[in-house]
2 protein chains.
Amino acid sequence: MTATTTNKELHENAQQMCVSSHLRYTETRRKILETLSKASCALDIEQVVANTKGLAQSSAYRNIEELRKAGLIAAMAVASEPTKYELSDQLAHHHHHLICSSCSSVSDFELSGDAEEKLHSWLEAVSKKQGFSMTGHSLDIGGMCSACS
Amino acid sequence: MTATTTNKELHENAQQMCVSSHLRYTETRRKILETLSKASCALDIEQVVANTKGLAQSSAYRNIEELRKAGLIAAMAVASEPTKYELSDQLAHHHHHLICSSCSSVSDFELSGDAEEKLHSWLEAVSKKQGFSMTGHSLDIGGMCSACS
DNA sequence: TTGCTTGCAAATGATTTGCACTGCT
DNA sequence: AGCAGTGCAAATCATTTGCAAGCAA
């Protein structure tokens, strides 16, 4: 499975993943993914609803949860803020987060291919030793963003 | 600041940190930290209250939040489970988490000193480039624990 | 038809807050 | 005295759920 780059690829991959999870690829779900795809960072429910025409909040919660279980969407909780959602690594590029402990803003970064590979091998070794079957990892930097300091 | 190993060190460091954040180091706070210190993994509010004699739930929330802002406690949110709390890296050993996406259980692991150093230097470089002042990082492995698979 | 999806409104559950009181400093 | 810290109960806010109607396979 490759990360999607074009809108068309996004929907093709998404549809595939929905089908294999026995989910219908409805208009609503398509629109939610498109909203997340357009966003430059993770969005909370309010933002998803605001940026998706004709989406009820309960449907947003329900669909995001289904899509999350199917691996299309990743959820991230920051402090006691509402949960933020973004496309999963399977639908977008693998990346990590810088989280400001003051304003709770989140921005993205990527490690070099080399670093990412090395990290992956460390984590794979740890998982193996503990009998854990790893499906992914997350790496956050905590601190103060430039706006807050 | 060194990670604490003995109970005495824990309270000495904790008191210091409270003082410098203009917080009183009360009996209640001392008991909460002791509860977290005894635990083998992160605890949710219910568990903290259950394991701390004479602690009101609202006091638990209020104190944990104060202690979190002062850097004594780390909070972690897993899926839509209640938030879990543990001693911060400043009061305990720096470590990372294995999170089971099926049962939401959390266990700990450490990287080798070498790996941890390398990781730190990568993150420091990223932060510098983005004008972010890093105070720490977190690294989670996601997947299926041995009990669930 | 059959059962997944949806929107609305009501319910739930975690977390926060108002208030009066206690206890450091 | 003066203000941080406390317990209790009430309030708030994100998230979940029941239900009746809509829509896709």
Side-chain angles (χ1 to χ4, degrees), chain A residues 11 14-36 42-70 72-86 104 106, chain B residues 11 14-36 42-70 72-86 104 106:
Chain A
H11 289 302
Q15 177 149 43
Q16 284 262 312
M17 294 177 74
C18 277
V19 167
S20 51
S21 291
H22 310 289
L23 291 179
R24 292 181 190 161
Y25 195 53
T26 63
E27 180 69 9
T28 308
R29 287 172 185 158
R30 209 162 57 70
K31 288 197 290 187
I32 290 174
L33 293 179
E34 206 140 299
T35 296
L36 292 178
L43 302 181
D44 61 27
I45 280 287
E46 192 181 349
Q47 295 170 316
V48 171
V49 170
N51 292 296
T52 309
K53 186 175 69 108
L55 174 65
Q57 193 185 51
S58 61
S59 295
Y61 274 115
R62 265 193 282 231
N63 283 307
I64 286 175
E65 177 58 11
E66 291 300 320
L67 295 172
R68 191 192 61 75
K69 285 194 284 192
L72 309 192
I73 286 182
M76 60 176 300
V78 178
S80 56
E81 305 278 307
T83 307
K84 292 183 164 75
Y85 306 95
E86 61 185 5
S104 295
V106 175
Chain B
H11 291 302
Q15 177 148 44
Q16 284 261 312
M17 294 176 75
C18 277
V19 167
S20 51
S21 291
H22 310 291
L23 291 179
R24 291 181 191 161
Y25 194 52
T26 62
E27 180 68 10
T28 307
R29 287 171 184 159
R30 209 162 57 71
K31 287 196 290 187
I32 289 174
L33 293 180
E34 206 138 303
T35 295
L36 292 179
L43 303 181
D44 62 28
I45 281 287
E46 192 181 349
Q47 295 170 316
V48 171
V49 170
N51 292 295
T52 310
K53 186 175 69 108
L55 173 65
Q57 193 185 51
S58 61
S59 295
Y61 274 114
R62 265 193 282 232
N63 282 307
I64 286 175
E65 177 59 11
E66 290 301 319
L67 294 172
R68 191 192 62 76
K69 285 194 285 191
L72 303 169
I73 285 181
M76 59 176 302
V78 178
S80 56
E81 305 278 307
T83 307
K84 293 183 164 74
Y85 307 96
E86 63 185 4
S104 296
V106 175

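Every chain is numbered from 1, with letters handed out A, B, ... down the list of sequences.
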Residue-level proximity of residues 50-60 of chain A to DNA chain C when a heavy atom falls under 4.0 Å: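 Residues of residues 50-60 of chain A under 4.0 Å from DNA chain C: A/G54, A/A56, A/S58, A/S59.
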
For a quick check of understanding: with a heavy-atom distance under 4.0 Å over all strands, which category does B/N63 fall into, base, sugar-phosphate or nothing? sugar-phosphate

Considering every strand and a 4.0 Å limit on heavy-atom distances, what is the contact class for B/R29: base, sugar-phosphate, or nothing?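 Here B/R29 touches the backbone only, sparing every base.
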
Would you kindly give the [atom1]-to-[atom2] distance between [X] and [N], to the nearest whole Å?
X     : N      : atom1 : atom2 : result
B/E81 : D/dT16 : CD    : P     : 11 Å
A/Q15 : D/dA24 : CD    : C1'   : 13 Å
A/K84 : D/dA14 : NZ    : P     : 12 Å
A/R62 : D/dA14 : CZ    : P     : 18 Å
B/E27 : D/dA4  : CD    : C1'   : 16 Å
B/Y61 : D/dC8  : OH    : P     : 16 Å

Is there a side-chain contact between [X] and [Y], using heavy atoms and a 4.5 Å cut-off?
X     : Y      : result
B/Y85 : B/T35  : no
B/R62 : B/S58  : yes
B/H11 : B/E34  : yes
B/T83 : B/I45  : no
A/Q16 : A/V19  : no
B/K84 : B/V106 : yes
A/R29 : A/L23  : yes

Do A/R24 and D/dG22 share a donor-acceptor pair, side chain to base, under 3.5 Å? no

I'd like to know whether CD of A/E46 has more than 12 heavy-atom contacts from other residues, nucleotides or ligands below 6.0 angstrom.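 Counting neighbours around CD of A/E46, 12 or fewer heavy atoms of other residues, nucleotides or ligands fall under 6.0 Å, so no.
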
5'-most by nearest nucleotide on DNA chain C - B/I45 or B/Y25: B/I45

Please check if any side-chain donor atom of A/T28 sits under 3.5 Å from a side-chain acceptor atom of A/S59, or the reverse.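 The answer is no; no qualifying pair exists.
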
Chain B vs DNA chain C, heavy-atom contacts under 4.0 Å, first-to-last nucleotide span, 5' to 3', is C/dA14 to C/dC24

For D/dA24, does either OP1 or OP2 sit under 4.0 Å from a side-chain N or O belonging to A/T26?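 For A/T26, the contact criterion (side-chain N or O under 4.0 Å from OP1 or OP2 of D/dA24) is not met.
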
